[in-house]
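Scope of the values below: all heavy atoms of this structure, side chains included, with no hydrogens, waters or symmetry mates.
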Amino acid sequence: MSMERRAFLLGASTFAAGAAATASPTTSETSSPGAVDYQDGALAPNGGQSLFARVNGVKLHYVRVGVGPNVVLLHGWPQTWFAWRSTMERLCSRFTLIAPDLRGLGLSERTAAGYDKQTIAGDVRALIDQTAGGRAHVVGHDMGGKAAFMLAHLHPEHVEKLVLVDCLIPGTENMDALRGGAWHYGFHMAPDFPEMLTKGRERDYIAAQIRAWSHKKDAVPDAAIAEFAKHYASEGGMTAGFNYYRALKDDAAAAASLKGRKLDMPVLTIAGRHSVGERLADALRPQATNLRSVIVDDSGHFVADEAPEQFCAQIEGFLSA
(Lines give C-alpha, C1' and ligand atoms only; values in the text may rest on other atoms or scores of the structure.)
Protein backbone atom coordinates (compact mmCIF):
# COMPACT_ATOMS: atom_id res chain seq x y z
CA MET A 1 0.00 0.00 0.00
CA SER A 2 1.40 3.44 -0.96
CA MET A 3 1.84 6.22 1.57
CA GLU A 4 -0.70 8.22 -0.43
CA ARG A 5 -3.31 5.54 0.11
CA ARG A 6 -2.40 5.27 3.75
CA ALA A 7 -3.45 8.89 4.07
CA PHE A 8 -6.98 7.70 3.44
CA LEU A 9 -7.18 6.34 6.93
CA LEU A 10 -8.91 9.44 8.16
CA GLY A 11 -11.26 9.06 7.69
CA ALA A 12 -22.45 18.88 -14.11
CA SER A 13 -26.03 18.64 -13.84
CA THR A 14 -28.48 20.62 -11.77
CA PHE A 15 -31.14 19.17 -9.52
CA ALA A 16 -33.89 17.33 -11.37
CA ALA A 17 -36.41 19.72 -12.80
CA GLY A 18 -39.54 19.83 -10.79
CA ALA A 19 -38.04 18.45 -7.55
CA ALA A 20 -40.50 19.56 -4.93
CA ALA A 21 -39.39 21.88 -2.16
CA THR A 22 -40.18 20.82 1.36
CA ALA A 23 -42.53 22.58 3.74
CA SER A 24 -42.17 26.33 4.30
CA PRO A 25 -39.70 27.45 6.96
CA THR A 26 -40.91 27.41 10.53
CA THR A 27 -40.47 30.38 12.82
CA SER A 28 -37.05 29.00 13.77
CA GLU A 29 -35.91 28.85 10.14
CA THR A 30 -35.15 31.77 7.87
CA SER A 31 -34.84 31.76 4.11
CA SER A 32 -31.64 33.26 2.81
CA PRO A 33 -32.16 34.43 -0.76
CA GLY A 34 -28.83 34.84 -2.47
CA ALA A 35 -26.88 33.72 0.59
CA VAL A 36 -25.30 30.93 -1.44
CA ASP A 37 -24.21 32.33 -4.79
CA TYR A 38 -23.24 29.52 -7.16
CA GLN A 39 -21.38 30.57 -10.26
CA ASP A 40 -18.77 29.15 -12.59
CA GLY A 41 -20.63 25.92 -13.25
CA ALA A 42 -21.23 24.96 -9.64
CA LEU A 43 -24.49 23.13 -9.08
CA ALA A 44 -27.47 25.04 -7.72
CA PRO A 45 -30.29 23.20 -5.98
CA ASN A 46 -33.37 23.42 -8.20
CA GLY A 47 -36.39 23.49 -5.93
CA GLY A 48 -34.27 23.52 -2.79
CA GLN A 49 -34.04 26.03 0.02
CA SER A 50 -31.05 27.67 1.65
CA LEU A 51 -32.02 28.07 5.32
CA PHE A 52 -30.64 28.94 8.72
CA ALA A 53 -31.61 27.60 12.13
CA ARG A 54 -30.35 28.43 15.61
CA VAL A 55 -29.70 25.14 17.37
CA ASN A 56 -27.67 24.22 20.44
CA GLY A 57 -26.50 27.83 20.74
CA VAL A 58 -25.12 28.07 17.19
CA LYS A 59 -26.53 29.33 13.89
CA LEU A 60 -26.36 26.58 11.29
CA HIS A 61 -26.85 26.93 7.57
CA TYR A 62 -28.42 24.02 5.72
CA VAL A 63 -29.90 23.19 2.36
CA ARG A 64 -33.15 21.25 2.11
CA VAL A 65 -34.75 19.67 -0.93
CA GLY A 66 -37.03 16.79 -1.88
CA VAL A 67 -40.05 14.88 -0.64
CA GLY A 68 -40.44 11.82 1.54
CA PRO A 69 -38.70 10.55 4.69
CA ASN A 70 -36.16 12.90 6.24
CA VAL A 71 -32.47 12.17 5.68
CA VAL A 72 -29.78 14.32 7.31
CA LEU A 73 -26.47 14.40 5.42
CA LEU A 74 -23.31 15.29 7.36
CA HIS A 75 -20.25 16.26 5.34
CA GLY A 76 -16.59 15.92 6.26
CA TRP A 77 -13.35 17.88 5.91
CA PRO A 78 -12.43 19.76 3.73
CA GLN A 79 -15.98 20.10 2.45
CA THR A 80 -19.31 21.81 3.14
CA TRP A 81 -22.95 20.79 2.56
CA PHE A 82 -22.10 21.14 -1.14
CA ALA A 83 -20.33 17.76 -1.00
CA TRP A 84 -23.78 16.14 -1.18
CA ARG A 85 -24.93 17.87 -4.37
CA SER A 86 -24.91 14.71 -6.52
CA THR A 87 -26.53 12.60 -3.82
CA MET A 88 -29.29 15.17 -3.34
CA GLU A 89 -29.86 15.35 -7.08
CA ARG A 90 -30.36 11.61 -7.31
CA LEU A 91 -32.43 11.03 -4.17
CA CYS A 92 -34.67 14.11 -3.88
CA SER A 93 -37.63 12.37 -5.53
CA ARG A 94 -37.65 9.73 -2.77
CA PHE A 95 -36.43 11.56 0.34
CA THR A 96 -36.32 14.96 1.98
CA LEU A 97 -32.61 15.73 2.12
CA ILE A 98 -31.31 18.08 4.84
CA ALA A 99 -27.63 18.91 4.41
CA PRO A 100 -26.15 21.32 6.98
CA ASP A 101 -22.84 23.08 6.99
CA LEU A 102 -21.31 21.74 10.19
CA ARG A 103 -20.50 24.20 12.96
CA GLY A 104 -17.83 26.68 11.86
CA LEU A 105 -17.85 25.57 8.23
CA GLY A 106 -19.51 26.91 5.10
CA LEU A 107 -22.08 29.52 6.06
CA SER A 108 -22.61 28.18 9.58
CA GLU A 109 -21.51 30.24 12.57
CA ARG A 110 -17.86 30.05 13.56
CA THR A 111 -17.41 29.45 17.24
CA ALA A 112 -14.29 29.47 19.38
CA ALA A 113 -15.04 25.99 20.76
CA GLY A 114 -17.43 23.09 20.30
CA TYR A 115 -15.68 21.04 17.60
CA ASP A 116 -15.64 17.83 19.60
CA LYS A 117 -18.02 15.34 18.05
CA GLN A 118 -20.27 15.18 21.12
CA THR A 119 -21.06 18.88 20.67
CA ILE A 120 -21.48 18.47 16.91
CA ALA A 121 -23.87 15.59 17.64
CA GLY A 122 -25.81 17.96 19.90
CA ASP A 123 -26.05 20.45 17.03
CA VAL A 124 -27.42 17.75 14.74
CA ARG A 125 -29.85 16.46 17.36
CA ALA A 126 -31.33 19.94 17.73
CA LEU A 127 -31.46 20.39 13.95
CA ILE A 128 -33.39 17.12 13.63
CA ASP A 129 -35.81 18.39 16.27
CA GLN A 130 -36.41 21.62 14.33
CA THR A 131 -36.44 20.35 10.77
CA ALA A 132 -37.43 16.69 10.86
CA GLY A 133 -39.90 16.30 13.70
CA GLY A 134 -37.34 14.79 16.05
CA ARG A 135 -36.32 11.70 14.07
CA ALA A 136 -34.47 11.11 10.79
CA HIS A 137 -32.17 8.83 8.91
CA VAL A 138 -28.60 10.08 9.33
CA VAL A 139 -25.76 9.72 6.82
CA GLY A 140 -22.28 10.88 7.83
CA HIS A 141 -18.99 10.97 5.94
CA ASP A 142 -15.49 11.57 7.36
CA MET A 143 -15.79 14.03 10.30
CA GLY A 144 -19.54 14.01 9.77
CA GLY A 145 -19.42 10.24 10.21
CA LYS A 146 -17.69 10.60 13.57
CA ALA A 147 -20.41 13.03 14.66
CA ALA A 148 -23.12 10.68 13.36
CA PHE A 149 -21.60 7.83 15.37
CA MET A 150 -21.70 9.92 18.56
CA LEU A 151 -25.26 11.07 17.76
CA ALA A 152 -26.46 7.48 17.37
CA HIS A 153 -24.97 6.51 20.72
CA LEU A 154 -25.96 9.59 22.70
CA HIS A 155 -29.34 10.35 21.10
CA PRO A 156 -30.53 7.07 19.54
CA GLU A 157 -34.17 8.16 19.67
CA HIS A 158 -33.36 10.74 16.96
CA VAL A 159 -31.80 8.25 14.52
CA GLU A 160 -34.06 5.99 12.45
CA LYS A 161 -31.22 4.38 10.49
CA LEU A 162 -27.51 5.19 10.49
CA VAL A 163 -25.18 5.25 7.49
CA LEU A 164 -21.46 5.79 8.05
CA VAL A 165 -19.42 6.54 4.95
CA ASP A 166 -15.65 6.00 4.80
CA CYS A 167 -14.84 7.28 8.25
CA LEU A 168 -13.08 5.86 11.29
CA ILE A 169 -14.66 5.54 14.71
CA PRO A 170 -13.12 8.05 17.14
CA GLY A 171 -10.10 6.50 18.80
CA THR A 172 -9.40 3.98 16.01
CA GLU A 173 -7.41 6.34 13.77
CA ASN A 174 -3.76 5.56 13.06
CA MET A 175 -1.97 8.87 13.51
CA ASP A 176 1.57 7.46 13.44
CA ALA A 177 3.04 8.16 10.01
CA LEU A 178 6.06 5.96 10.81
CA ARG A 179 3.72 2.99 11.15
CA GLY A 180 1.56 3.53 8.10
CA GLY A 181 -0.65 6.25 9.54
CA ALA A 182 -1.66 9.50 7.91
CA TRP A 183 0.78 12.42 8.28
CA HIS A 184 -1.87 15.12 8.17
CA TYR A 185 -3.33 14.31 11.58
CA GLY A 186 -0.41 15.80 13.48
CA PHE A 187 -0.12 18.73 11.10
CA HIS A 188 -3.78 19.67 11.42
CA MET A 189 -3.76 19.25 15.19
CA ALA A 190 -0.75 21.52 15.74
CA PRO A 191 -1.58 25.00 17.07
CA ASP A 192 -1.29 27.87 14.57
CA PHE A 193 1.19 26.28 12.16
CA PRO A 194 -1.30 24.80 9.68
CA GLU A 195 -3.10 28.15 9.38
CA MET A 196 0.21 29.94 8.81
CA LEU A 197 1.43 27.50 6.19
CA THR A 198 -1.84 27.26 4.24
CA LYS A 199 -2.72 30.97 4.28
CA GLY A 200 -3.17 32.15 0.72
CA ARG A 201 -2.87 28.55 -0.48
CA GLU A 202 -6.20 27.25 0.80
CA ARG A 203 -7.52 26.11 -2.56
CA ASP A 204 -4.26 24.42 -3.52
CA TYR A 205 -4.07 22.65 -0.17
CA ILE A 206 -7.68 21.48 -0.23
CA ALA A 207 -7.33 20.31 -3.83
CA ALA A 208 -4.16 18.38 -3.01
CA GLN A 209 -5.80 16.69 -0.02
CA ILE A 210 -8.88 15.69 -2.01
CA ARG A 211 -6.81 14.35 -4.90
CA ALA A 212 -4.54 12.39 -2.54
CA TRP A 213 -7.48 10.68 -0.81
CA SER A 214 -9.32 9.91 -4.06
CA HIS A 215 -8.84 6.74 -6.08
CA LYS A 216 -10.48 8.45 -9.06
CA LYS A 217 -8.46 11.63 -9.01
CA ASP A 218 -10.90 13.77 -10.97
CA ALA A 219 -14.10 12.56 -9.29
CA VAL A 220 -14.50 15.69 -7.18
CA PRO A 221 -14.84 18.50 -9.76
CA ASP A 222 -12.70 21.61 -9.72
CA ALA A 223 -15.86 23.69 -9.33
CA ALA A 224 -16.72 21.84 -6.12
CA ILE A 225 -13.19 22.30 -4.78
CA ALA A 226 -13.45 26.02 -5.53
CA GLU A 227 -16.75 26.15 -3.63
CA PHE A 228 -15.23 24.45 -0.59
CA ALA A 229 -12.09 26.60 -0.70
CA LYS A 230 -14.12 29.82 -0.94
CA HIS A 231 -15.50 29.17 2.53
CA TYR A 232 -12.38 27.73 4.14
CA ALA A 233 -10.32 30.66 2.85
CA SER A 234 -12.64 33.18 4.50
CA GLU A 235 -11.82 34.57 7.95
CA GLY A 236 -11.49 31.77 10.46
CA GLY A 237 -12.46 29.05 8.01
CA MET A 238 -9.26 27.02 8.08
CA THR A 239 -9.05 27.30 11.86
CA ALA A 240 -12.57 25.90 12.21
CA GLY A 241 -11.66 23.02 9.91
CA PHE A 242 -8.45 22.22 11.77
CA ASN A 243 -10.35 22.39 15.06
CA TYR A 244 -12.22 19.23 14.03
CA TYR A 245 -8.83 17.49 14.17
CA ARG A 246 -7.72 19.24 17.34
CA ALA A 247 -10.74 17.73 19.07
CA LEU A 248 -9.84 14.14 18.14
CA LYS A 249 -8.23 13.38 21.50
CA ASP A 250 -11.45 14.38 23.28
CA ASP A 251 -13.45 12.41 20.70
CA ALA A 252 -11.42 9.27 21.43
CA ALA A 253 -12.04 9.61 25.17
CA ALA A 254 -15.76 10.12 24.59
CA ALA A 255 -15.96 7.06 22.34
CA ALA A 256 -14.05 4.97 24.91
CA SER A 257 -16.63 5.91 27.53
CA LEU A 258 -19.30 4.23 25.37
CA LYS A 259 -17.65 0.81 25.58
CA GLY A 260 -20.25 -1.89 26.07
CA ARG A 261 -23.14 0.18 24.70
CA LYS A 262 -24.99 -1.06 21.64
CA LEU A 263 -26.38 0.60 18.53
CA ASP A 264 -29.80 -0.98 18.08
CA MET A 265 -30.89 0.90 14.94
CA PRO A 266 -30.02 -0.58 11.53
CA VAL A 267 -26.51 0.50 10.52
CA LEU A 268 -24.95 0.54 7.05
CA THR A 269 -21.27 1.19 6.44
CA ILE A 270 -20.02 2.17 2.99
CA ALA A 271 -16.26 2.41 2.46
CA GLY A 272 -13.85 2.67 -0.44
CA ARG A 273 -11.62 -0.33 -1.08
CA HIS A 274 -8.70 2.08 -1.58
CA SER A 275 -9.42 3.96 1.65
CA VAL A 276 -10.89 2.78 4.95
CA GLY A 277 -11.89 -0.57 3.52
CA GLU A 278 -12.98 -3.14 6.13
CA ARG A 279 -11.73 -1.18 9.14
CA LEU A 280 -14.96 0.75 9.69
CA ALA A 281 -17.23 -2.30 9.77
CA ASP A 282 -14.73 -4.26 11.86
CA ALA A 283 -14.75 -1.51 14.51
CA LEU A 284 -18.56 -1.40 14.56
CA ARG A 285 -19.33 -5.11 14.76
CA PRO A 286 -19.04 -5.32 18.58
CA GLN A 287 -21.47 -2.39 18.89
CA ALA A 288 -24.04 -2.65 16.10
CA THR A 289 -26.73 -5.29 16.51
CA ASN A 290 -27.96 -4.91 12.92
CA LEU A 291 -25.00 -4.12 10.69
CA ARG A 292 -24.60 -4.24 6.93
CA SER A 293 -21.25 -3.48 5.29
CA VAL A 294 -20.54 -2.47 1.68
CA ILE A 295 -17.07 -2.06 0.18
CA VAL A 296 -16.92 -0.09 -3.07
CA ASP A 297 -14.07 -1.63 -5.02
CA ASP A 298 -13.29 1.22 -7.42
CA SER A 299 -13.32 4.05 -4.87
CA GLY A 300 -11.17 5.92 -2.42
CA HIS A 301 -12.33 8.21 0.38
CA PHE A 302 -14.97 10.22 -1.53
CA VAL A 303 -17.37 7.38 -2.31
CA ALA A 304 -20.37 9.62 -3.05
CA ASP A 305 -18.35 11.29 -5.84
CA GLU A 306 -16.23 8.38 -7.01
CA ALA A 307 -19.09 5.87 -7.32
CA PRO A 308 -22.27 7.99 -7.21
CA GLU A 309 -24.67 5.51 -8.79
CA GLN A 310 -23.60 2.63 -6.57
CA PHE A 311 -23.52 4.87 -3.51
CA CYS A 312 -27.02 6.24 -4.06
CA ALA A 313 -28.41 2.80 -4.88
CA GLN A 314 -27.08 1.48 -1.58
CA ILE A 315 -28.49 4.46 0.34
CA GLU A 316 -31.91 4.22 -1.32
CA GLY A 317 -32.18 0.49 -0.85
CA PHE A 318 -31.11 0.58 2.80
CA LEU A 319 -33.32 3.50 3.82
CA SER A 320 -36.33 2.19 1.92
CA ALA A 321 -36.22 -1.33 3.35
Side-chain angles (χ1 to χ4, degrees), residues 1-11 74-80 83 102-105 110-120 140-150 164-215 217 220 225 228-229 231-233 236-257 271-272 274-277 279-280 282-283 300-302:
M1 180 185 295
S2 68
M3 287 301 294
E4 180 180 75
R5 289 185 180 176
R6 287 171 180 157
F8 295 161
L9 295 175
L10 174 62
L74 306 179
H75 67 84
W77 188 93
Q79 298 178 298
T80 66
L102 298 183
R103 174 189 292 247
L105 305 178
R110 303 224 166 102
T111 56
Y115 296 95
D116 62 280
K117 307 317 169 290
Q118 284 182 285
T119 300
I120 303 302
H141 173 240
D142 190 76
M143 290 292 178
K146 295 177 188 291
F149 169 81
M150 296 304 298
L164 299 181
V165 185
D166 210 83
C167 62
L168 291 172
I169 301 307
T172 68
E173 305 92 346
N174 181 0
M175 302 185 189
D176 187 346
L178 293 178
R179 291 172 174 80
W183 65 269
H184 69 281
Y185 283 110
F187 178 61
H188 289 183
M189 294 168 75
D192 302 326
F193 281 95
E195 287 94 333
M196 177 180 68
L197 295 174
T198 59
K199 186 175 179 60
R201 303 178 179 89
E202 293 88 353
R203 180 172 177 172
D204 289 342
Y205 186 69
I206 287 171
Q209 289 285 315
I210 288 176
R211 301 302 184 222
W213 300 353
S214 300
H215 179 60
K217 299 303 181 183
V220 180
I225 292 173
F228 304 147
H231 293 287
Y232 282 86
M238 291 300 276
T239 293
F242 294 138
N243 282 345
Y244 278 84
Y245 286 85
R246 291 165 181 152
L248 288 178
K249 183 177 180 181
D250 292 336
D251 299 338
S257 73
H274 302 278
S275 182
V276 169
R279 287 178 288 273
L280 174 57
D282 288 347
H301 183 55
F302 299 97

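Listed for the Gln209 side chain is no donor-acceptor partner under 3.5 Å among the backbone atoms of Ala207. Of the possible polar contacts, none joining the Tyr232 side chain to the Ala240 backbone as a donor-acceptor pair under 3.5 Å is found. The closest donor-acceptor contact from the side chain of His215 to the backbone of Ser275 lies at 3.5 Å or more, if one exists at all. Ser214 places a side-chain N or O within 3.5 Å of a backbone atom of Ile210 that can act as its donor or acceptor partner. Remark: the backbone N or O of Gly237 is not paired with any side-chain donor or acceptor of His231 at under 3.5 angstrom.
Applying the side-chain contact (heavy atoms from CB on, under 4.5 Å) rule to Thr119 yields the partners Asn56, Arg103, Asp116, Asp123; only residues at least two apart in sequence or on another chain are considered. Asp176 pairs by the salt bridge (Lys or Arg N to Asp or Glu O under 4.0 Å) definition with Arg179, not counting sequence neighbours. Among residues two or more places apart in sequence or in another chain, the salt bridge (Lys or Arg N to Asp or Glu O under 4.0 Å) test is passed with Asp282 by Arg285.
Residues Asp142 and His75 form no side-chain contact, since every pair of their non-hydrogen atoms from C-beta on lies 4.5 Å or further apart. Within the 4.5 Å cutoff, no side-chain heavy atoms of Leu102 are placed close to those of Gln79. The closest side-chain heavy-atom distance from Asn174 to Leu168 is not below 4.5 Å. The shortest side-chain heavy-atom distance between Tyr115 and Arg246 does not fall under the 4.5 Å cut-off. Proximity of Leu248 to Met175: side-chain heavy atoms (C-beta onward) are separated by under 4.5 Å at one or more points. Arg211 has its side chain within reach of Ile225: a pair of non-hydrogen atoms, C-beta onward, lies under 4.5 Å apart.
Residues Ala252 and Gly171 come closest through the heavy atom pair CB-CA, 3.6 Å. Nearest heavy atoms, Ala283 versus Thr172: CB-CG2, 4.4 Å. For the residue pair Ala255 and Pro170, the shortest heavy atom distance occurs at CB-O, 3.4 Å. Considering all non-hydrogen atoms of both residues, Leu164 and Gly145 come closest at CD2-O, 3.5 Å. In plain terms, the two heavy atoms of Asp251 and Tyr244 that are nearest each other are OD2-O, 4.3 Å.
Ring planes of Trp77 and Trp213: tilted class, angle from 30 to 60°. Between His188 and Phe242, the angle of the ring planes lies from 30° to 60°, which puts this pair in the tilted group.
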> Can Cys167 and Val276 be said to form a side chain to side chain contact (heavy atoms under 4.5 Å, CB included), step by step?
Replying inline: CA-CA 7 Å; Cys167 62; Val276 169; over 6 Å; no

> Do Arg203 and Phe228 pass the side chain to side chain contact (heavy atoms under 4.5 Å, CB included) test, and can you show the C-alpha distance, the side-chain angles, and the key distance before you say yes or no?
Replying inline: CA-CA 8 Å; Arg203 180 172 177 172; Phe228 304 147; over 6 Å; no

> Tyr205 and Glu202: side chain to side chain contact (heavy atoms under 4.5 Å, CB included), yes or no, with the steps?
Replying inline: CA-CA 5 Å; Tyr205 186 69; Glu202 293 88 353; 5.9 Å; no

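Ring-centre distance between His184 and Tyr245: below the 6.0 Å cut-off.
How far CD1 of Ile169 is from CE of Met150: 10.0 Å, rounded to the nearest 0.5 Å. How far CG of Leu74 is from NZ of Lys117: 12.5 Å, rounded to the nearest 0.5 Å.
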